Amino acid sequence: MISDIPALPAPVGAGVYNVYTGAEIGSASGSTIPTAAQLGLEPPRFCAECGRRMIVQVRPDGWHAKCSRHGEVDSHDLEMQR
């Protein structure tokens with residue numbers, strides 16, 4: 001059931017800002033996604049909720065990102081939702 005699926009964490013969920021550029025999604029620059037991000041090689045760098053730059057730690061097995069306002073997210077958490 002769809003309601004049983006947990007929502008994405010706020011820093012990478014459906015928000016107002018592009019998680020790769022930090023620009024507002026409705027703006028012209030907000031729709032551009034870098035090529036490395038399209039290929040899945042780049043972790044999100046900006047919080048989707050507030051557009052602030054996140055602290056990102058890249059590891060050999062994934063990444064960990066933290067927004068000072070909206071919490072933390074780990075790539076392993078996102079893979080579990082697939």
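Just so you know, residue 1 is the first one in the sequence shown, and it goes up from there. Bear in mind that the values here come from a model prediction, so they are computed numbers and not experimental data. Just so you know, these numbers use all the heavy atoms, side chains as well, and skip hydrogens, waters and symmetry mates.
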Any side-chain heavy-atom pair from Glu42 and Pro34 closer than 4.5 angstrom?
no
Any side-chain heavy atom of Pro44 sitting closer than 4.5 Å to one from Trp63?
yes
Restricting to side-chain hydrogen bond (donor to acceptor under 3.5 Å, both in side chains), what partner residues turn up for Gln57, sequence neighbours left out?
none
Would you please name every residue forming a side-chain hydrogen bond (donor to acceptor under 3.5 Å, both in side chains) with Arg59, sequence neighbours left out?
Asp61, Asp74, His76
What distance separates [X] [atom1] from [Y] [atom2], expressed to the nearest 0.5 Å?
{"X": "Tyr17", "Y": "Glu24", "atom1": "OH", "atom2": "CD", "result": "5.0 Å"}
{"X": "Ile55", "Y": "Cys67", "atom1": "CD1", "atom2": "SG", "result": "9.0 Å"}
{"X": "His70", "Y": "Cys47", "atom1": "NE2", "atom2": "SG", "result": "5.0 Å"}

Hey, mind stepping through Ser75 and His64 against side-chain contact (heavy atoms from CB on, under 4.5 Å) and telling me if it holds?
CA-CA 6 Å; Ser75 60; His64 177 84; over 6 Å; no
Hydrophobic cluster of Val58, others only, ordered by chain and residue number, side-chain cut-off 4.5 Å
Met54, Val56
Do the side chains of Val19 and Ile33 join up, straight or via other hydrophobic residues, at under 4.5 Å, putting them in one cluster?
yes
Over all atoms of both residues, closest heavy-atom pair of Phe46 and Gly51
CD2-O, 3.5 Å
